[in-house]
Number of protein chains: 2
Amino acid sequence: MVQDVPPLRADAQRNRDRILNTAAQHFAARGIDASLEDIAKGAGVGSGTLYRHFPTRDALLAATLRKSQEQLLAAAEAARVLHHPAAALQAWLKALQTYLRTFNGLPAPVLAAIKEEQSPLAVSCQKVTSLTEEFLAQAQKNGHACERLCANDLFLAALAMAWVANHVDALGSSCETLDDLLAHGYLRSPCPTQD
Amino acid sequence: MVQDVPPLRADAQRNRDRILNTAAQHFAARGIDASLEDIAKGAGVGSGTLYRHFPTRDALLAATLRKSQEQLLAAAEAARVLHHPAAALQAWLKALQTYLRTFNGLPAPVLAAIKEEQSPLAVSCQKVTSLTEEFLAQAQKNGHACERLCANDLFLAALAMAWVANHVDALGSSCETLDDLLAHGYLRSPCPTQD
DNA sequence: ACCTGAACACCGTTCAAGT
DNA sequence: ACCTGAACACCGTTCAAGT
């Protein structure tokens with residue numbers, strides 16, 4: 001399953017690293033639609049070199065996201081040891097939000113990767129789905145989460161919230177409110193003894 | 001407030017209508033990023049003509065959305081006469097979802113228009129916000145909706161759900177599940193006597 | 001007053017030539 | 001084996017020339 005990639009020539013490795021660093025900066029500053037030409041220029045390489053290393057924008061994105069993905073997995077580990085399954089689920093979704101906000105506009109390619117088996121982002125999507133599955137099942141088992149909800153739906157809802165959150169900062173709303181909305185919904189039972 | 005636009009020359013009016021019809025078709029078929037060049041060609045006009053009538057993509061979009069917007073307002077009227085304020089709020093949000101699914105990708109420019117006072121879509125955004133305000137307030141007054149929720153947040157959440165819904169059709173999830181998730185949240189109180 | 005379509009700009013992507 | 005950068009393609013946008 002694991003491919004043994006032959007080691008790169010020294011200059012190729014150097015170029016790859018430069019591209020990766022520059023891409024991370026540009027994606028962070030201008031969002032995931034940052035110009036690939038600019039990234040190549042910023043890294044001091046020809047555009048062809050960028051394409052040789054990363055044949056698609058998604059491939060470059062995926063490589064650039066590696067650190068964030070590791071943090072996400074670490075957060076999952078941390079959530080696992082929480083006593084309360086509902087708290088664990090919430091902590092996991094919080095971490096997922098943080099990950100999805102790594103770059104402006106990231107939710108879109110991630111959503112696209114869910115159906116595209118091919119995408120370099122697809123692997124991380126499957127991982128996220130299975131982790132969501134795990135935390136959700138635990139919460140459901142104890143009656144803390146909605147029964148007729150599947151991991152996929154919850155992942156999608158998280159993507160949705162992350163998508164608006166990207167734009168929302170300058171908009172008077174806070175992410176906490178949106179996270180809260182996702183957790184509890186906008187409806188309340190007629191008897192206001194709930195909260 | 002209402003501007004008196006001088007009547008168009010006959011051929012100009014004809015071109016405008018053609019552009020509008022063609023644009024509606026293309027937006028419906030390929031989403032809101034449909035090529036403007038293609039639309040001009042399809043309408044049998046030069047690209048300059050398209051830009052003369054609709055200086056920005058958003059202007060064309062807004063004009064194309066007029067019918068859907070009228071349907072949305074009609075749905076609001078219909079929701080007003082519902083007895084139960086929670087049902088009215090749900091009906092309104094359902095209609096809003098339908099509107100936002102008029103074209104694939106519509107949520108993005110609508111979201112952008114919320115902060116851009118300039119955008120041709122901004123007027124409809126204000127209308128939507130004030131209607132959401134109204135339905136939400138009614139539901140809150142009777143204890144049916146979360147107190148610490150503002151219309152803006154709810155609008156944003158609706159946009160978020162519509163955004164995923166655009167892509168979701170071929171994805172095994174249903175829009176109902178997402179709407180439900182927004183209404184009730186993913187969490188359940190420890191005592192499973194709720195549902 | 002309005003229309004046309006060539007011209008320009010921008011950017012992603014490829015590939016022949018070079019090391 | 002890898003890199004460079006010119007060349008091509010595509011599309012949005014403008015504007016001089018035409019009716």
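Numbers restart at 1 for each chain; the letters A, B, ... are given by sequence-line order, proteins then strands.
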How about CD on B:Q118, more than 12 heavy atoms from neighbouring residues, nucleotides or ligands closer than 6.0 Å, or not?
no

Ranking A:L36 and B:G44 by the position along DNA chain C of their nearest nucleotide, the one closer to 5' is B:G44

Hey, does the side chain of B:H53 come within less than 4.0 Å of C:dC3's phosphate (OP1/OP2), counting only N and O?
yes

Side-chain N,O (B:N15) to OP1/OP2 (C:dC2) below 4.0 Å:
no

May I ask you to verify if any side-chain N or O of A:T49 is less than 4.0 angstrom from the OP1 or OP2 atom of D:dT4?
yes

Describe the nucleic acid contact of A:D38 in one word from base, sugar-phosphate, nothing, applying a heavy-atom distance below 4.0 Å.
nothing

In Watson-Crick or G-U wobble terms, with both distances under 3.5 Å, the base opposite D:dA9 is none

In this structure, how many angstroms lie between the P atom of D:dC15 and the CG atom of B:L50, rounded?
17 Å

Check side chain to side chain donor-acceptor pair (under 3.5 Å) between B:R57 and all other residues, then give those that pass, not counting sequence neighbours.
none

Counting only side-chain heavy atoms from C-beta out, which of C:dT14, D:dG12, D:dC3 sits nearest to B:R57?
D:dG12

Looking at the side chain of A:E37, which of D:dG12, C:dC11, D:dG5 is the nearest nucleotide?
C:dC11

Send over the distance from B:D11 CG to C:dT4 P, rounded to a whole Å.
9 Å

In plain terms, say whether A:D38 and A:R30 are close enough for a salt bridge, that is, a side-chain N and a carboxylate O under 4.0 Å apart.
no

For C:dC11 and A:S35 - does any side-chain N or O of the residue sit under 4.0 Å from the phosphate oxygens OP1/OP2?
no

Using purine N1 to pyrimidine N3 plus N6-O4 or O6-N4 for Watson-Crick, or N1-O2 and O6-N3 for G-U wobble, each under 3.5 Å, what pairs with C:dT4?
D:dA16

Tell me: OH of B:Y51 to P of D:dC11, nearest whole Å?
12 Å

Assess whether salt bridge (Lys or Arg N to Asp or Glu O under 4.0 Å) is satisfied between B:E77 and B:R80, documenting all intermediate values.
CA-CA 5 Å; B:E77 290 302 324; B:R80 268 211 190 91; 2.8 Å; yes

